[in-house]
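FYI, side chains are in, hydrogens and waters are out, and symmetry mates aren't considered; it's all heavy atoms of this structure. Nothing here was measured: the structure is a model prediction, and the numbers come from that model. Numbers restart at 1 for each chain; the letters A, B, ... are given by sequence-line order, proteins then strands.
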2 protein chains.
Amino acid sequence: MSQNAQQHSQDRKRGSGVRLVYDVLRDEIISLSLPPGSPVDENQLAERFQMSRTPIREALVRLAGDGLVTTLPNRSTVVSNIDFLSLPAFFDAITLMYRVTTRGAARHRSDQDLERIREHQAAFAEAVKSQDAMAMIATNRDFHAAIAEAGRNPYYATLFSRLLDEGRRLLRLYYSSYADQLPQEFVTEHEQMIDAIARRDLDAADRIAAIHADQIVRQIQTLISEDRRDQIGL
Amino acid sequence: MSQNAQQHSQDRKRGSGVRLVYDVLRDEIISLSLPPGSPVDENQLAERFQMSRTPIREALVRLAGDGLVTTLPNRSTVVSNIDFLSLPAFFDAITLMYRVTTRGAARHRSDQDLERIREHQAAFAEAVKSQDAMAMIATNRDFHAAIAEAGRNPYYATLFSRLLDEGRRLLRLYYSSYADQLPQEFVTEHEQMIDAIARRDLDAADRIAAIHADQIVRQIQTLISEDRRDQIGL
DNA sequence: CCTATCCAATGTGTCGACAAAAAGGATGCG
DNA sequence: CGCATCCTTTTTGTCGACACATTGGATAGG
């Protein structure tokens, strides 16, 4: 699906091909436009993007490094599955990253960081206001990624981004139908977070981040168990 | 340096080339056999490993994903530098990972995990006994990686491995000269760690891991500041 | 003598093609 | 009629070659 055409032929710059393919595929995977398990065919992509298989392969190698696709040797590459067995590990890790990045932001933020964070929060509030679930998920991710940036710890920021992306896949899996979730509560929690970061109050930032993480984890768990019940009911 | 010859020509299996190059280069980078900043030439590697540039490039892309090499567009690829400015972030992250992986191991370990951990600890003790600094560093890494495995959280295990590898590079930078460091203290701390994990005592595991991390961080800091003094003295 | 421009040389990014490996279907046997 | 085997087809892994970008040196100008 989504056989969006690329620019016609040979007008792209020298190193841009890989980046383009990587970005597009990454987005399609995260947005579930490419559902987990779908095969990723190199020839098909080569034709779609009007380029040789070489840059395609490089993009796939990088996506595999991010864990977004899984390469079966001598066999096809597929979009990585969402592993429900390791959900507890996921919840554990993302909760910890919420905490340390927010705490780090409270400690290391510059004024410019704060401004950027506020911009993302505005975008998030806007998405909530207009009931756009997909936009909520995306802007929420950007908001927390900006906080992680302000925390000045690339190790945390990298892991957190990865976790947030996986969370995006998870949420999309459930939010596509009933799009009025993600309560106003999240907006106010975000505001409290910003306050704590602005005041450089490490403990408050940590505390509200933990609460926020719990909130999100519980929501995902609720969605999943509800879904399970439905499936059993069939 | 180290122009180790590979097996002659075309007797390697189909998907093994990339893995081989990746593993060899990774080891040479971590062991500082390839010092930070050294250029990584694709043609040169292609000749050295007796294969085309394609699998070489794929290995380099993966190494770049691990942060071990840095690719300058249209220019050479170089072994990533050790960034001393982000050392505080490194210390922060590795301390946290020491704690959560050890705590996780105390919670989720199987008996088999415990056995594996003890084996690695034996190897570490052996290295300490024989005053082999390089072996200490390597076996210490394996010991903690095994604990991380037992913690059953792939996110933590991945980040921790990466941090331990960077730590290996850091330590090698200083240990090459005076090789009698890494006191017996570390061995006993490891033993305490194993005890806590065996008893499934989460808090004790956390506590001893934090102490252990502090120990290591302080040691690295000492080495660096000593080294700085020497350099200024020249 | 110093500086700016041009040119050659080196090395990366991309391409099309070939070969090995696996998947799926056809065929023969029990 | 079911099952194993062979073959065909599809797709990946690897190769050698070419085109562009950058670098460093040579040359001309100030």
Novice: Does any N or O donor sit under 3.5 Å from an N or O acceptor when you compare the side chain of A/R53 with the base of D/dG13?
Specialist: yes
Novice: Hey, is the side chain of B/R14 poking within less than 4.0 Å of OP1 or OP2 on C/dA19, counting only N and O atoms?
Specialist: no
Novice: If you look at every heavy atom in A/A209 and A/Y98, which pair is closest and at what distance?
Specialist: CB-O, 3.5 Å
Novice: Heavy atom of residues 58-81 of chain B under 4.0 Å from DNA chain C: which residues?
Specialist: B/N74, B/R75
Novice: Using whole Å, report how far CD of B/E47 lies from P of C/dT10.
Specialist: 14 Å
Novice: Quiz question: by atom type and distance under 3.5 Å, do the side chains of A/H190 and A/N140 form a donor-acceptor pair?
Specialist: yes
Novice: I want to check something: taking the side chain as every heavy atom from C-beta on, are A/F91 and A/I216 in contact at a cut-off of under 4.5 Å?
Specialist: no
Novice: Quick one: B/Y22 OH to D/dG13 C1', roughly how many Å, whole number?
Specialist: 19 Å
Novice: For A/D41 and B/S52, find the nucleotide of DNA chain D closest to each by heavy atoms; which residue's nucleotide sits nearer the 5' end?
Specialist: A/D41
Novice: Distance check needed: C/dT12 C1' versus A/K13 NZ, whole Å only.
Specialist: 18 Å
Novice: Minimum heavy-atom separation for B/D113 to B/R152, with atom names?
Specialist: OD2-NH2, 2.8 Å
Novice: What's the CD-P distance between B/Q50 and D/dT14, to the nearest Å?
Specialist: 15 Å
Novice: Salt bridge (charged side-chain N to carboxylate O under 4.0 Å, His left out) with A/R118: which residues, sequence neighbours excluded?
Specialist: none
Novice: State, with a plain yes or no, whether a side-chain heavy atom of B/R169 is found less than 4.5 Å away from one of B/P36.
Specialist: yes
Novice: Grab the CD-P distance between B/E42 and C/dG13 for me, whole Å please.
Specialist: 6 Å
Novice: Do A/Y22 and A/D27 pair up side chain to side chain, a donor and an acceptor below 3.5 Å, judged on atom types alone?
Specialist: no
Novice: Could you state the atom-to-atom distance from CG of B/N43 to C1' of C/dT14 in whole Å?
Specialist: 15 Å
Novice: Provide, to the nearest angstrom, the distance between the CZ atom belonging to A/R57 and the C1' atom belonging to C/dG13.
Specialist: 16 Å
Novice: Within this structure, what is the CZ-to-C1' distance between B/R19 and D/dT14, rounded to whole angstrom?
Specialist: 18 Å
